[in-house]
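Below is one structure, written out as structure tokens; the observations come after it.
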Amino acid sequence: MKVMLVQVEPPEDIQDFNFPMGYAALDAVLSRQGHEVELLFTVAHHLSDGEIARRVKESRCAVVGLGGMWPYLQRVEKLVRMIKDVRPE
């Protein structure tokens, strides 16, 4: 199964960026189980919402995973709605 993991960019008032170890760990576990994993690091590539939506739509993945800590909640909710719009299935 193809899985896309989307790293959520922190809110503008948080200027902390650390390597996303949780996503790397999920990638390792899922890959060992035979799944194809695509990581989308929005912070590293400075992706707009439109670019994130385009990449999710074009990826043809079966599952999209994203998340974040409490300060990221509004951003995560916005991205979930946006992803549902481009990938309603």
Side-chain angles (χ1 to χ4, degrees):
M1 174 187 334
K2 185 171 181 179
V3 176
M4 176 181 265
L5 300 176
V6 181
Q7 174 205 25
V8 177
E9 190 169 356
E12 301 248 340
D13 60 333
I14 298 176
Q15 297 301 317
D16 182 32
F17 175 74
N18 295 305
F19 182 79
M21 293 299 294
Y23 292 92
L26 285 171
D27 180 7
V29 170
L30 291 169
S31 294
R32 276 192 223 130
Q33 295 297 316
H35 301 287
E36 180 184 348
V37 180
E38 182 177 352
L39 299 173
L40 185 57
F41 294 133
T42 63
V43 176
H45 300 289
H46 305 291
L47 300 177
S48 67
D49 289 353
E51 181 65 17
I52 294 168
R54 185 186 68 75
R55 289 190 185 198
V56 169
K57 185 176 183 177
E58 291 176 356
S59 75
R60 305 265 189 232
C61 58
V63 175
V64 177
L66 48 90
M69 297 169 67
W70 178 254
Y72 296 63
L73 183 59
Q74 289 180 330
R75 179 80 174 131
V76 170
E77 289 174 333
K78 179 181 178 185
L79 288 173
V80 167
R81 286 190 301 273
M82 183 184 63
I83 289 168
K84 284 183 175 182
D85 285 345
V86 298
R87 294 284 305 274
E89 72 280 2

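These values consider heavy atoms only, across backbone and side chains, with no hydrogens, waters or symmetry-generated copies.
In terms of heavy-atom proximity, Asp27 sits nearest to Leu5 at N-CD1, 4.2 Å. Closest approach of Arg87 and Cys61 over heavy atoms only: NH2-O, 2.5 Å. Here the closest heavy-atom approach between residue Tyr23 and residue Val6 is recorded as OH-O, 3.2 Å. When all heavy atoms are compared, the tightest approach of Val86 to Lys57 is O-CG, 4.1 Å. Closest heavy-atom contact between Met1 and Ala62: CG-CB, 3.5 Å.
A salt bridge between Glu77 and Arg75 is absent, with no side-chain N of the basic residue lying under 4.0 Å from a carboxylate O of the acidic one.
In this structure, CD in Glu36 is found 13.5 Å from CZ in Arg60, a value given to the nearest 0.5 Å.
In the hydrophobic clustering of this structure, Val64 groups with Met82; members are Ile, Leu, Val, Met, Phe, Trp, Tyr whose side-chain heavy atoms approach within less than 4.5 Å, directly or through other members. At a threshold of 4.5 Å between side-chain heavy atoms, the hydrophobic network of Ile, Leu, Val, Met, Phe, Trp and Tyr places Val63 and Phe41 in one connected group. Connection of Met4 to Leu26 is not established within any shared hydrophobic cluster, with ILVMFWY side chains joined at heavy-atom distances below 4.5 Å, either directly or through further cluster members. Both Val56 and Leu79 sit in one connected hydrophobic cluster of ILVMFWY residues. Membership requires side-chain heavy atoms under 4.5 Å apart, directly or through other members.
Looking at Leu66 and Leu40, their side chains never come closer than 4.5 Å, going by heavy atoms from C-beta outward.
Remark: side-chain polar atoms of Thr42 are not paired, donor with acceptor, to backbone N or O of Leu47 under 3.5 angstrom. For the pair Lys2 (side chain) and Ser59 (backbone), a donor-acceptor distance under 3.5 Å is present.
Glu51 meets the salt bridge (charged side-chain N to carboxylate O under 4.0 Å, His left out) test with Arg54, Arg55; sequence neighbours excluded.
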